[in-house]
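These numbers come from a predicted model, not from an experiment. Positions are given from 1, in the same order as the sequence printed here.
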Amino acid sequence: MTGTLRRMPVRAHDEDPTDSLLVDDDDNPLARMRLREDDGRPVAADVRPLPPVALGRLAAQVRRDLTGYRLETSDEELAAALVSTGLELRRAATDMRHDLVDVPEPVPLAEGWSLGGPGWDDDLAAGLVAAYGPGHPDGSWQPSDTREVRAMFDTGAPVPPLVPASARLVDPDGRSAGHVLCAGPVPWTDDDCAWILNLGVAPRAQRRGFGRALLVHALRGAREAGLPTVGLSVADGNPARHMYDAAGFRPLTRVLSVQVV
């Protein structure tokens with residue numbers, strides 16, 4: 001046999017088995033990361049270059065060895081290096097946290113409106129499709145989004161709903177007009193927290209304080225469930241960021257997402 005076998009490009013971190021290392025052909029570590037799946041799709045999360053690696057070299061290695069992965073990093077220079085190779089920055093967002101030592105009082109709802117138990121129905125689906133239009137910073141609501149939410153309620157995959165912190169907004173006619181969907185504790189954070197997966201209000205119910213009511217319900221429900229913090233990710237340009245700031249959420253880290261092709 002001629003030639004040599006190339007080493008595996010990813011191996012476990014020697015000191016922290018939850019982390020992996022991207023290595024070159026000589027087994028030199030280039031970056032530290034956490035590998036996981038999101039709805040069956042591979043994700044290289046929290047990618048951190050390891051000095052003194054050159055970012056151009058790391059970007060080339062990523063394109064060779066992590067094709068098909070969604071790469072998430074807080075390193076602005078790494079994201080720029082990947083974009084310079086022709087990849088697209090798919091999402092720029094801020095992860096935020098709210099400590100649950102003090103939480104706001106419940107928000108009164110307009111007469112006839114209420115917060116019902118979490119779940120999924122056609123009215124809620126139609127409302128979220130309308131709320132997440134083509135111009136939304138997170139893009140349009142997709143059929144895959146509906147499948148993911150349904151799977152949470154039907155099978156508890158990839159995580160089950162945190163029922164005390166989740167709710168539907170119900171109008172005077174008994175129709176769903178929005179929701180907040182939480183899980184927790186979740187496996188993709190270092191801290192023990194509840195996570196707001198989705199908070200949306202149908203256009204017909206917007207600008208009436210219902211978004212804040214759902215948010216406060218999530219905070220109070222997570223504390224009731226015994227969790228110390230609530231986390232979420234908000235995309236750049238999402239006007240809901242103002243609501244999160246006003247409710248006491250603090251920025252934790254930036255998350256830049258690039259699909260490696």
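- Residues Arg97 and Val230 are not in side-chain contact: their nearest non-hydrogen atoms beyond the backbone lie 4.5 Å or more apart.
- For Arg48 and Asp19, the salt-bridge test passes: some basic side-chain N is under 4.0 Å from an acidic carboxylate O.
- Under the 4.0 Å criterion applied to side-chain N and carboxylate O atoms, Asp102 and Arg223 are not assigned as salt-bridge partners.
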May I have the step-by-step check of side-chain contact (heavy atoms from CB on, under 4.5 Å) for Trp188 and Val159, ending in yes or no? CA-CA 11 Å; Trp188 55 81; Val159 289; 4.1 Å; yes

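- Contact check on Asp236 versus Arg241 returns no salt bridge, with no Lys/Arg side-chain nitrogen under 4.0 Å from an Asp/Glu carboxylate oxygen.
- Across every non-hydrogen atom of Gln206 and Ala131, the tightest pair is NE2-CB, 4.1 Å.
- For the pair Arg11 and Pro29, the minimum side-chain heavy-atom distance is below 4.5 Å.
- Put simply, the side chain of Pro49 reaches to within 4.5 Å of the side chain of Leu55, judged on heavy atoms.
- How far CG of Leu252 is from NE2 of His98: 14.0 Å, rounded to the nearest 0.5 Å.
- Between Val258 and Thr73 the shortest side-chain heavy-atom distance does not fall below 4.5 Å.
- Linking ILVMFWY residues whenever their side-chain heavy atoms come closer than 4.5 Å, directly or via other members, places Leu199 and Val103 in the same cluster.
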Under the criterion salt bridge (Lys or Arg N to Asp or Glu O under 4.0 Å), I'd like the reasoning laid out for Asp145 against Arg150: C-alpha separation, chi angles, the key distance, then a yes or no. CA-CA 9 Å; Asp145 297 318; Arg150 282 190 177 276; over 6 Å; no

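- The closest donor-acceptor contact from the side chain of Asp121 to the backbone of Asp123 lies under 3.5 Å.
- A donor-acceptor pair is defined here as one N or O able to donate and one able to accept, closer than 3.5 Å; no such pair exists between the side chain of His179 and the backbone of Leu169.
- For Asp38 (side chain) and Arg41 (main-chain N/O), no donor-acceptor pair under 3.5 Å exists by modelled atom type.
- Classification of Glu72 and Arg70 as a salt-bridged pair holds, one side-chain N sitting under 4.0 Å from a carboxylate O.
- Here the straight-line distance linking atom NE2 of His217 with atom CG of Leu109 works out to 11.0 Å at 0.5 Å rounding.
- The pair Asp190-Arg34 counts as a salt bridge, with a side-chain nitrogen and a carboxylate oxygen less than 4.0 angstrom apart.
- Nearest heavy atom pair, residue Gly211 against residue Met243, reads C-SD, 3.5 Å.
- Asp171 contributes a side-chain N or O that, together with a main-chain N or O of Asp173, makes up a donor-acceptor pair within less than 3.5 Å.
- For the pair Thr146/Val129, no side-chain contact is recorded, criterion being any heavy-atom separation below 4.5 Å from C-beta on.
- Remark: the backbone N or O of Thr18 is paired with a side-chain donor or acceptor of Asp16 at under 3.5 angstrom.
- Under the 4.5 Å side-chain criterion, counting only non-hydrogen atoms from C-beta, Cys182 is in contact with Ser166.
- Residue Leu232 is grouped with residue Leu219 when hydrophobic side chains (ILVMFWY) are merged at heavy-atom distances under 4.5 angstrom, including chains of intermediate members.
- There is a path of hydrophobic side-chain contacts, each under 4.5 Å, that joins Leu82 to Val260.
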side-chain contact (heavy atoms from CB on, under 4.5 Å) between Val62 and Tyr69: does it pass, once the steps are laid out? CA-CA 9 Å; Val62 165; Tyr69 278 78; over 6 Å; no

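- Here the closest non-hydrogen pair linking Gly117 and Arg168 is O-NE, 2.8 Å.
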Trp120 vs Ser176, test: side-chain contact (heavy atoms from CB on, under 4.5 Å). Steps then yes/no. CA-CA 9 Å; Trp120 189 258; Ser176 298; over 6 Å; no

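- Side chain of Ser114 to main chain of Gly116: no donor-acceptor pair is present (N/O by atom type, distance under 3.5 Å, no hydrogens or angles).
- You'll find the side chain of Leu22 reaches within 4.5 Å of the side chain of Asp65, heavy atoms only.
- Cluster membership for Val201 and Val234, using ILVMFWY side-chain heavy atoms within less than 4.5 angstrom, is shared.
- Remark: the backbone N or O of Val47 is not paired with any side-chain donor or acceptor of Arg32 at under 3.5 angstrom.
- The hydrophobic cluster containing Met152 also contains Leu128, counting ILVMFWY residues as joined when their side-chain heavy atoms lie under 4.5 angstrom apart, directly or transitively.
- To the nearest 0.5 Å, the span separating CE on Met96 from CG on Asp245 amounts to 4.5 Å.
- Annotation: side chain of Ile196 is not in contact with side chain of Tyr244 (no heavy-atom distance under 4.5 Å).
- Side chain of Asp75 to main chain of Leu78: a donor-acceptor pair is present (N/O by atom type, distance under 3.5 Å, no hydrogens or angles).
- Nearest heavy atom pair, residue Ala93 against residue Ala235, reads CB-CA, 3.8 Å.
- The two residues Ser20 and Val10 make their nearest non-hydrogen contact at CB-CG1, 3.8 Å.
- Closest of all the heavy-atom pairs between Ala183 and Pro160 is CB-O, 3.5 Å.
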side-chain contact (heavy atoms from CB on, under 4.5 Å) assessment of Leu50 paired with Leu21: CA-CA 10 Å; Leu50 296 175; Leu21 296 172; 4.0 Å; yes

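- Here the rule is side chain to side chain contact (heavy atoms under 4.5 Å, CB included) with Ser74, and of Val255, Thr253, Thr94 only Thr253 fits it.
- In terms of modelled atom types and a separation under 3.5 Å, the side chain of Gln259 and the main chain of Gly68 share a donor-acceptor contact.
- A donor atom on one side chain and an acceptor atom on the other are found under 3.5 Å apart for Asn198 and Tyr132.
- A donor-acceptor pair is defined here as one N or O able to donate and one able to accept, closer than 3.5 Å; such a pair exists between the side chain of Arg63 and the backbone of Val261.
- Counting only N and O atoms by type, the side chains of Thr229 and Asp99 include no donor and acceptor under 3.5 Å apart.
- Inspection of the Trp195 and Ser233 side chains reveals no N or O donor paired with an N or O acceptor under 3.5 Å.
- Salt bridge annotation for Asp46-Arg36: absent, with no cationic side-chain nitrogen under 4.0 angstrom from a carboxylate oxygen.
- Remark: Leu30 CG to Asp24 CG distance equals 5.0 Å, nearest 0.5 Å.
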